Amino acid sequence: MPYLSKITLNPRRRAAVSLLANPHRLHAAVLNGLAVQPVTERVLWRLENNRPHQAEVLVLTESRPSWAQLVEDAGWPGADGGDPLIADYTPLLDRLAHGREFGFRLTANPVHNVLAPARPSEQQAARLKEGADKGGRPRGFRLAHRTVAQQIGWLLQRCERHGFTIPDATATPPAPGLREPAADDREPSPGPAVAVVGRDILRFSKRKDGPRVTLSTATFEGRLRVTDPDALRACLLGGIGPAKGYGQGLLTLAPLRTTEEVTHG
Amino acid sequence: MTGTDYAVLLLRLAAPLQSWGGPSRYNRRETRPQPTKSGVLGLLAAAEGRDRAASIADLVGLRLGVRVDQPGSLLRDYHTYSDYRGVPLLSAKTNAKGQQTRTTPAKYTGVTQRFYLQDAVFVVALRGPKPLVAGLEKAVRHPVHPLSLGRRSCPPTGPVSLGLRPDTGLEEALKEVPWKAGEHRRRQVRDATVSLEATVEDPAGDHLAVDVPDTYDLKTGTTFGRRAVRHLWVTVPTGHAEPPQSAQDTGPTGQSGHDPFALLGW
């Protein structure tokens, strides 16, 4: 039975700063919350900063976790609002049905594989040369998508196989007379209902003097429509894209916001 | 002394430019993100018309609290200076007659960098003996010398004094003052409350601020002492109506209230 948990970290504490600075350490701390060691199940997590002065970690685990140690080290132990939330995930999985719409959020590491980069770096050039010397087909390079258009394209490209589509955003047509009718008779397409709300490049090393990891991440928010409940269920539990150990790929669903019509004066 | 002998003076420090330098040296004049004790006491001393060499022992005894209503942003002023006659600048050395020599090799242009806070608003609370604080409040409303926020080129916008309060703690005083941010910042914030950073002087505090002046005498220069301060967050109503529950999730940072627990029967 999967569980979704939310742990609030206190960024003023030294241990929390250390965890927030390095996804490698935070992943280790998350895995420490599981009693069955070594951990073989798929654990997905994501760092969220919705509120100032707080960092929240969302974790999806197959078995029931315990966050006492993590809260003791890096949270607000015993404080109001400092307790971690742990909820059973099955009600959501049961609720998935064809055609239903949800709001979603996803932080992922959009990448693509390129056989021969246009401007290879030194390391890449060395590897290309080595591959050419050996003969045969060289292994491609996993490169990050760096622009918003590429990142959204990456998500749209794989949403079908994960059992959902991203419908078009609802756009209010302009008041009559505001737009020149002669320019184009067709309505302008509002585009898919997804936006990149945050982008980041994570750079960290696994250990002192160890290899450096660089991840280009994007946080997507939007609306999705279920087309294949089984595939979406597998996607919710298994994540999307690479770097899942470093807090990428956890797709979460929430009720659709009905405030898109509300205009703030 | 009983508590009633004390009072709290509240000031609003807002200006297009402010600059609150602590101990900084030579050609790079930094600004702190919040008003320093030296800067605020200097403003009060100027308002009272004190001489540069006059004692400020009574002012140093005031306890200072600062609330950041609008943090502002940093401005760097890249500044060059040279001699209008086209001769080299003076050096720090002197000749046998005691006159400053010109720089060799000749240096014609000096560079200074001066930092300012743009568009910042602070609320400052000063707690001290009632007669002293009352006198200061009057002096700020009828200043002898023009008031400036950290630098002579930074005159304040609007009245500085927010009046006197009867004795309370600095923290309580800062919590009671309404939000003083400018119109532009007010329009950005939609929530019913904002959370503002504050720094309060507290002997039990866990941070040190090096900004307590001993004198403003130019002959001796100012050396800065230390004081213990405490950082906290103060929640203040914005005056906006509480947004409806559904509209609450559009924050200014673009992060909406995506709550994955809402579908789990939580």
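Remember, it's a predicted structure, so these values are computed and weren't measured experimentally. Residue numbers begin at 1 in each chain, while the letters A, B, ... track the order of the sequences.
Between B/Leu263 and A/Pro91, the closest heavy-atom pair is O-CB, 4.2 Å. Closest approach of B/Leu264 and A/Asp88 over heavy atoms only: CD2-O, 3.7 Å.
Going from atom CZ of B/Phe261 over to atom CG of A/Leu92 covers 11.5 Å, rounded to the nearest 0.5 Å. For the atom pair B/Asp259 CG and A/Leu253 CG, the distance stands at 12.0 Å (nearest 0.5 Å).
Partners of B/Pro166 according to the side-chain contact (heavy atoms from CB on, under 4.5 Å) rule, which considers only residues two or more places apart in sequence or in another chain, do not exist here.
Residue A/Arg158 places its CZ atom among more than 12 non-hydrogen atoms of other residues, nucleotides or ligands, all under 6.0 Å distant.
Heavy atoms of A/Leu58 lying under 4.5 Å from chain B belong exclusively to its side chain. Looking at A/Tyr89, the atoms closer than 4.5 Å to chain B (heavy atoms on both sides) sit in the backbone and in the side chain alike.
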